[in-house]
Amino acid sequence: MMRAFEKTEIKNLELKNRFLRSATWEGLADEQGRVSKRFIELHGLLAQGDIGLIIAGFAFVRADGRAVPYQTGLHRDDLIPGLSALTAAVHKDHGIIAVQIAHGGLRTNPELAGVEAAAGPSAVTLPGLAEKTRELTIPEITAIIEDFGRSAARTRTAGFDAVQIHAAHGYLLNQFLSPLINRRGDRYGGALPNRARAVYETYEAVRGAVGPDFPVFIKINTEDFIEGGLQPDDSVTVVRNLVEMGLDLVEVSGGGPWNPKLGPERRKIDRPDKEAYFRGHARAMKEKIKAPVSLVGGLRSPAVIEDVLSSRQADYVSLSRPFIREPHLIQRWAGGDLTPAACISCNQCFDLVREGKGLSCAVKEKEE
Ligand SMILES: Cc1cc2nc3c(=O)[nH]c(=O)nc-3n(C[C@H](O)[C@H](O)[C@H](O)COP(=O)(O)O)c2cc1C
């Protein structure tokens, strides 16, 4: 695995290899969004495992935009000390850590968020979105964008090394980009420049809050995999514009809760030809943009990873589920044991986080 273990730089960050830990909802925060000791330990373990860059799971930028239980909060200044303890623990183990910031939009859980209806670009519902939905007003959109900026400022204060904007998997910013979900007739809906406006303004708010030297990333759907949803060409255009504005890295994903078969977390990745299921999308993105591209989704074996990197389909590879089962997977591969990741992509890890048991591998736990 020659290329995977190259040292690289993103702005001021020196990464020891080309592996990223993709944002993974840990389910280890309390009702206020405060992270627990176990949350810190989990990331310490990942740092000890020599992952080039860790991206902590999606944190909500506003209490009324929380999507899932036990989700990390970044909506208030009093959350900074807990997160500073996290970044200190990761840095002690020579790790680099970013955090993903998100708003649920139509995927907001109304009960957890204390709202009557989930609010998004339009009052649309689809499988996996809230049943009761409503359209955001323009002042509300402005307020959310400002909160993305404030949360980004908190990430920097808390010692994170970078921040990632979540514009994938059917959450708010992905909803704005989708012609199927975004039916607005004002300046935030309609043609692509309008549908992308909320994403551009969020980027600007984040960049304004963290300054020019701080790495800002985005995780974005290249394709929604639903009739009428976001298409690859539009996604590439949006990212190209963001890169011109100063975006430092794009993580290429796709799909949403409306179509689990073609969703972000596909099951049963048990053969090389099932791996890297967005590689074509990453390649198309990489051809058109100047910033580094990371590919996520079903990467399991060193041979496939090396092929993706050496054929320049992506500059980085992001993994999520394999690290739940094997936090030290990169060290194992670096040590010469090139057996594919042990993760069987069963998605039972989701059940554990949803139930408040915290992120771990259900299969591994049964074996122990
Ligand atoms: C338990 C769990 C939680 C996840 N949480 C997030 C998240 O917070 N943000 C995000 O962008 N993706 C999230 N994902 C998706 C992963 O980051 C990744 O895109 C997906 O699992 C495909 O990669 P993999 O095959 O390496 O797991 C989550 C996935 C799992 C299994």
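Every number for a ligand or one of its atoms is a count from 1 in the order of the listing. Index from 1, following the sequence.
Of all protein heavy atoms, the one closest to atom 26 (O) of ligand 1 is S320 N, 2.9 Å. The nearest protein atom to atom 6 (C) of ligand 1, hydrogens excluded, is given as A23 O, 3.1 Å; this is a heavy-atom distance. Here the heavy atom of the protein found nearest to atom 27 (O) of ligand 1 is R321 NE, 2.7 Å. Among all non-hydrogen protein atoms, the one lying nearest atom 15 (C) of ligand 1 is E265 OE2, 3.3 Å. The single protein non-hydrogen atom nearest to atom 9 (N) of ligand 1 is Q100 OE1, 2.7 Å, given as residue, atom name and distance.
Within the listing of ligand 1, atoms 26 (O) sit less than 4.0 angstrom from a heavy atom of L319. Against a heavy-atom cut-off of under 4.0 Å, V296 is close to the following atoms of ligand 1: 18 (C), 19 (O), 23 (O). In the vicinity of S22, heavy-atom distances shorter than 4.0 Å reach the ligand 1 atoms 17 (O).
Counted by atom type alone, H94 and D50 present zero donor-acceptor pairs between their side chains at under 3.5 Å. There is a side-chain donor-acceptor pair under 3.5 Å between R321 and N347. Checking T24 against S320 by side-chain atom types alone, a donor-acceptor pair falls below 3.5 Å. Between the side chains of Q48 and K92, no donor N or O sits under 3.5 Å from an acceptor N or O. Side-chain contact annotation: Y200 with N241, donor-acceptor N/O pair under 3.5 Å present. Using a 3.5 Å distance cut-off with no hydrogens or angles, the side chains of Y171 and Q100 do not pair a donor with an acceptor. Side-chain polar atoms of Q71 and R66 form no donor-acceptor pair below 3.5 angstrom.
Contacts between R267 and ligand 1, counted as non-hydrogen atom pairs separated by less than 4.0 Å, are absent for every part of the residue. Counting heavy atoms closer than 4.0 Å to ligand 1, residue P264 contributes backbone atoms (N, CA, C, O) but none from C-beta onward. Within the 4.0 Å heavy-atom criterion, both parts of T24, backbone and side chain, lie near ligand 1. When non-hydrogen atoms are compared, ligand 1 lies under 4.0 Å from the side chain of K219 (C-beta onward) but not from its backbone. Proximity of R266 to ligand 1, defined as any heavy-atom pair under 4.0 Å, is not found for any part of the residue. Neither the backbone nor the side chain of S345 has a heavy atom within less than 4.0 Å of ligand 1.
For a threshold of 3.5 Å applied to N or O pairs, the pair formed by S318 and ligand 1 contains no separation below that value. Checking only distances, G298 does come within under 3.5 Å of ligand 1, N or O to N or O.
Under a 3.5 Å cut-off, the side chain of R3 and the backbone N or O of L309 do form a donor-acceptor pair.
Heavy atoms of R300 come nearer than 4.0 angstrom to ligand 1 in at least one pair. Using a 4.0 angstrom heavy-atom cutoff, P322 counts as in contact with ligand 1. Proximity of Y277 to ligand 1 is established by a heavy-atom distance of less than 4.0 Å.
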Only pairs under 3.5 Å count here: list side-chain donor-acceptor contacts from residues 288-299, not counting sequence neighbours, and write none if there are none.
residue, atom, partner, partner atom, Å
S294, OG, Y316, O, 3.4
S294, OG, S318, OG, 2.7

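Residues E204 and R197 are not paired through a salt bridge, judged by the lack of any N-O separation under 4.0 Å between the basic side chain and the carboxylate.
Checking each of K274, E275, R271 against R300 for a side chain to side chain contact (heavy atoms under 4.5 Å, CB included) leaves exactly one that passes, namely E275.
Looking only at side-chain heavy atoms (C-beta outward), V68 and N109 stay at 4.5 Å or farther from each other.
Nearest to atom 29 (C) of ligand 1 by heavy-atom distance, out of F278, F58, F350, W25, is F350.
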